[in-house]
Amino acid sequence: STVVLVFQAQVPKSPNDKDPEFSFCVKRGERIRVGEALGRWRE
Amino acid sequence: TTSVRRLQTTFQARAFSSNGGSEGSQGNPFLVPGATAATILMLGALHVRRMYNDKKIEEARERGIELEFQPDAKAAFLRLLPLRSISRLWGSLTSVELPVWLRPHVYRAWSRAFHSNLEEAALPLEEYASLQEFFVRTLKEGSRPIDPDPQCLVSPVDGTILRFGELKGVRPMIDQVKGFSYSVSALLGASSVLPLVAEGNAHEGSSEEGKIPTEKSKKTWWRISLASPKVRDPVYVSPIRGIFYCVIYLKPGDYHRVHSPVDWNVLVRRHFSGHLFPLNERATRTIKNLYVENERVVLEGRWEGGFMAMAAIGATNVGSIKLFIEPDLKTNLPVRKLLHSRQPEERVYEPEGVGMMLKKGNEVAAFNMG
């Protein structure tokens with residue numbers, strides 16, 4: 001079985017925008033478990 | 001097979017001559033063992049060939065080479081099989097209650113074959129009455145701590161990260177495998193409120209931010225959601241910036257409950273009763289639109305970052321998806337051909353516009369066999 005997540009996350013509207021930016025913290029082929037971070041958003 | 005056949009003829013010749021040629025015509029004592037040997041030889045050869053292919057794929061992956069999409073005869077043959085009936089038969093087999101003394105042996109064999117971690121199972125093995133119950137087991141308290149970072153989105157399942165990234169380009173597509181991609185709108189359903197921008201007016205602020213249907217927009221929302229996909233004006237639409245995706249594959253031995261990735265409100269549930277092709281690595285490389293054709297349940301709603309959707313996709317051996325937030329939803333039902341509509345069965349969760357509130361880490365659903 002497979003789970004597909006599709007979600008909207010903040011991205012800065014322009015390069016010098018201070019909006020938080022989402023980025024993944026995983027790699028392809030990596031094993032992951034429930035509750036472990038897939039991605040974080042930082043100022 | 002030729003060597004076995006040569007063996008048979010020598011045996012036959014010897015048997016014929018030793019019985020003076022008269023009784024030699026009685027049932028050949030070597031026929032059954034010969035056929036058995038041939039079958040074992042053939043199965044062994046097939047297994048060796050499959051291991052060789054898997055090894056080749058592994059080496060290619062280690063060298064960073066990604067195998068391309070390549071439909072083959074097996075994929076075409078799979079389309080002819082009654083996979084849903086096979087899946088339901090598998091479900092009835094695995095739901096048979098096992099004698100208590102046999103249970104630990106069966107579950108240990110299963111965990112050895114599929115690398116499950118028995119230490120984490122919440123109950124002693126004798127307590128799981130059937131393989132199906134064991135498959136959908138819960139884990140001991142504290143086995144899956146939720147990342148404490150308030151600015152993170154967590155994995156909803158145990159599994160392997162197949163793909164992830166940001167949706168870009170003219171239409172929202174996700175690569176199934178190198179050389180073939182499927183449409184996110186087809187995966188989530190034509191009535192999805194995935195925030196898109198019609199080509200040509202992609203300037204800021206004009207994007208449909210996937211608004212929660214207010215009184216005014218509700219009619220349009222329902223019109224679109226009730227209209228079949230072809231009614232929607234066929235303009236190219238592209239996702240606004242900041243729409244991400246992640247595809248996670250669960251192996252048969254993995255923990256198969258689905259949790260909430262963030263705090264969010266689930267507004268709509270869509271159930272697509274499709275095919276039940278296998279979802280393993282080989283199937284993703286040889287069967288087109290696998291995730292868009294298979295039976296699946298899509299939950300859609302909103303979180304603090306905006307739009308959120310989660311699609312739980314079944315496979316031949318794991319055809320059922322049970323929703324803890326909607327226990328009476330039944331999946332993997334015997335679908336008579338005439339009822340096999342492409343349109344999903346949709347439910348808007350009450351109260352409208354608020355739906356069901358889920359906290360990060362909450363149990364949401366479970367996959368099950370059959």
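In what follows, every heavy atom counts, from backbone to side chain, and hydrogens, waters and symmetry copies are set aside. Proteins come first, then strands; the chains are lettered A, B, ... in the order of their sequence lines, and each starts at number 1. Keep in mind it's a predicted model, so treat the numbers as computed, not measured.
- Distance check: A/Thr2 OG1 to B/Arg163 CZ gives 12.0 Å after rounding to the nearest 0.5 Å.
- When each of B/Gly242, B/Gly319, B/Ala315, B/Gly165 is scored by its heavy-atom pairs under 4.5 Å with chain A, the top score falls to B/Gly242.
- Counting heavy-atom pairs closer than 4.5 Å to chain A, the top-ranked of the candidates B/Phe164, B/Phe244, B/Tyr245 is B/Phe244.
- In this structure, CZ on A/Arg42 lies 8.5 Å from SG on B/Cys152, to the nearest 0.5 angstrom.
- Between the side chain of B/Trp303 and the backbone N or O of A/Gln8 there is at least one donor-acceptor pair closer than 3.5 Å.
- Only the side chain of B/Ile174 comes within contact range of chain A, judged by heavy atoms closer than 4.5 Å.
- The most heavy-atom pairs under 4.5 Å with chain A, out of B/Ile313, B/Val298, B/Ile146, come from B/Ile313.
- Rounding to the nearest 0.5 angstrom, the gap separating the CG atom in A/Leu38 from the CG atom in B/Leu153 is 5.5 Å.
- In this structure, CG in B/Leu279 is found 7.0 Å from OG in A/Ser1, a value given to the nearest 0.5 Å.
- Of the charged side-chain nitrogens involved, at least one lies within less than 4.0 Å of a carboxylate oxygen, so that A/Arg40 and B/Asp147 count as a salt-bridged pair.
- Closest of all the heavy-atom pairs between A/Val34 and B/Tyr255 is CG2-CE2, 3.9 Å.
- Of the two parts of B/Ser143, only the backbone, made up of N, CA, C and O, holds a non-hydrogen atom closer than 4.5 Å to a non-hydrogen atom of chain A.
- Neither the backbone nor the side chain of B/Leu139 comes within less than 4.5 Å of any heavy atom of chain A.
- Contact tally against chain A (heavy-atom pairs below 4.5 Å) for B/Gly305, B/Gly306, B/Gly159: the top residue is B/Gly159.
- Note that the OG atom of B/Ser155 and the CG atom of A/Leu5 stand 7.5 Å from one another [nearest 0.5 Å].
- Heavy-atom minimum distance, B/Pro150 versus A/Trp41: O-CZ2, 3.7 Å.
- Within residues 358-370 of chain B, the residues that have a heavy atom under 4.5 Å from a heavy atom of chain A are B/Phe367, listed by number.
- Using a 4.0 Å cut-off between charged side-chain N and carboxylate O, A/Arg33 and B/Asp254 make no salt bridge.
- In terms of heavy-atom pairs under 4.5 angstrom with chain A, the leader among B/Pro261, B/Ala309, B/Pro145 is B/Ala309.
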Note to self: Assess the residue pair A/Val3 and B/Leu250 against the criterion (side-chain contact (heavy atoms from CB on, under 4.5 Å)); give the C-alpha distance rounded to whole Å, side-chain angles, the decisive distance to 0.1 Å, and a yes or no.
What the structure shows: CA-CA 8 Å; A/Val3 167; B/Leu250 293 83; 4.2 Å; yes
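- The six-membered or imidazole ring of B/Phe307 lies away from that of A/Phe7, with a centre-to-centre distance of 6.0 Å or more.
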Next item on the list: Evaluate the side-chain contact (heavy atoms from CB on, under 4.5 Å) criterion for residues B/Thr160 and A/Ile32: first the C-alpha distance (whole Å), next the side-chain angles of each, then the deciding distance (0.1 Å), finally the verdict.
Entry: CA-CA 6 Å; B/Thr160 307; A/Ile32 193 157; over 6 Å; no
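- Contact count against chain A (heavy-atom pairs under 4.5 Å) is highest for B/Ile248 among B/Val247, B/Ile248, B/Val184.
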